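Reviewing the structure listed below.
Nothing here was measured: the structure is a model prediction, and the numbers come from that model. Letters A, B, ... mirror the listed sequences (proteins, then strands); counts begin at 1.
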Protein chains: 2
Amino acid sequence: MAEDRDMPVIDLQDSGKRAALFERIRRDHSVEIAEDYVELIADLIETNGEARLVDLADLLGVSRPTVNNTIQRLQKEGYVESKPYRSIFLTDKGRAVAEHARQRHHMVLDFLHTIGVPADIAEADAEGLEHHLSEQTLDCLARATEALKKASGHGGNQS
Amino acid sequence: MAEDRDMPVIDLQDSGKRAALFERIRRDHSVEIAEDYVELIADLIETNGEARLVDLADLLGVSRPTVNNTIQRLQKEGYVESKPYRSIFLTDKGRAVAEHARQRHHMVLDFLHTIGVPADIAEADAEGLEHHLSEQTLDCLARATEALKKASGHGGNQS
DNA sequence: TCGCAAACTTAGCATAGGCTAAATTTATAT
DNA sequence: ATATAAATTTAGCCTATGCTAAGTTTGCGA
């Protein structure tokens, strides 16, 4: 009744559900960059005392104007604060996001190391994975990591 | 020597390495959509006998013109073939990508289920995660999944 | 067969993120 | 104190992905 054509076997009635998944992916993309920036700004402030545009550009591997653009967006969205020609600071919102991102990053990394992924590959993959984990999954991942550590811990190392 | 300013504590010498990670992320984005489309086209062909633009649009939750645009890009890049006003087919290259994507999808889903993520959340997260796993990590993930199944299932349902 | 509805395409627009080149501001060093 | 270098911003461009509205084409049913 919902389909006028030839009633395909695939679940087109449920397309709304499936579509929602992809919608989340698209939404996530806009958040990913915010997280990467904010996390990096937090790192820079912690280690350097301040976050300069030029350092962000170098570390992210993009041009200065690109960073400038993004910082202005992040400022509009309330993650960062900065006055013209001055360095960049996090808002409370930004700090919260950075903290959260860092936790996820560490957890993913810990997991990847535990399952035997070489450090450099783990670093690279974590960067991509960390933005796509729900709280639920993060939770389960932590438990699984513990389980695996215990399992391999007192028997020895897995190959 | 490399830094003219005040020699920050963070590893700016190594910014090239870090930048490369983010570069990969950015590159991945353009591939993600291709994979999603191609995977879905394969599904539709398998279940319906053909992949229509209108079904892709419904399932992806985007407008028809958007699908049309993307299909034209994918055609230029050699993943799909289609003549005007006709349905969409995969090239060999497209089929290979679809197969690969599907394998990763199943593996990620299997893993998430194994660590106890509820099915609907697993579906949603898998959609985001599956594009960011290197071969190495995929391999380790498969082994970890087996290990966890064995550990938790040795009284139960494991084949 | 021929009209109408569904499917597809085109046109025109918006936003995000990328770039280079050219201002502009800030900071430094002589 | 001021020229110059470094950092930041502005301007203008590009591509990808999204949208709506308005054409085309296809194909089905009366």
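- With rounding to whole Å, A/Ile71 atom CD1 is found 11 Å from C/dG17 atom P.
- Within the structure, every side-chain polar atom (N or O) of A/Arg73 is placed at least 4.0 Å from both OP1 and OP2 of C/dA16.
- A close approach under 4.0 Å does occur between a side-chain nitrogen or oxygen of A/Arg52 and OP1 or OP2 of D/dT8.
- Going from atom CD of B/Glu23 over to atom P of C/dC19 covers 9 Å, rounded to whole Å.
- Considering CZ of A/Phe111 and CD1 of B/Ile115, their distance stands at 6.5 Å, rounded to 0.5 Å.
- Checked for salt-bridge contact, A/Arg52 and A/Asp55 miss the test: no charged N lies under 4.0 Å from a carboxylate O.
- Interatomic distance, CZ of A/Arg73 versus CD of A/Glu77, reported as 4.5 Å (0.5 Å rounding).
- Between A/Gln72 and D/dT10 there is a side-chain N or O to OP1 or OP2 distance below 4.0 Å.
- OP1 or OP2 of C/dA27 lies within a sub-4.0 Å distance of a side-chain N or O belonging to A/Arg86.
- B/Pro65 comes within 4.0 angstrom of a base, heavy atoms only.
- Rounded to a whole Å, the CG atom of B/Asn68 is 14 Å from the P atom of D/dT25.
- If you check every strand for non-hydrogen atoms under 4.0 Å, A/Glu32 touches nothing.
- Note on A/Thr66: every side-chain N or O is 4.0 Å or more away from OP1 and OP2 of C/dG17.
- Using a 4.0 Å cut-off, some side-chain N or O of A/Ser63 falls inside it from OP1 or OP2 of C/dC19.
- A straight line from CZ of B/Phe22 to C1' of C/dC19 spans 19 Å, rounded to a whole angstrom.
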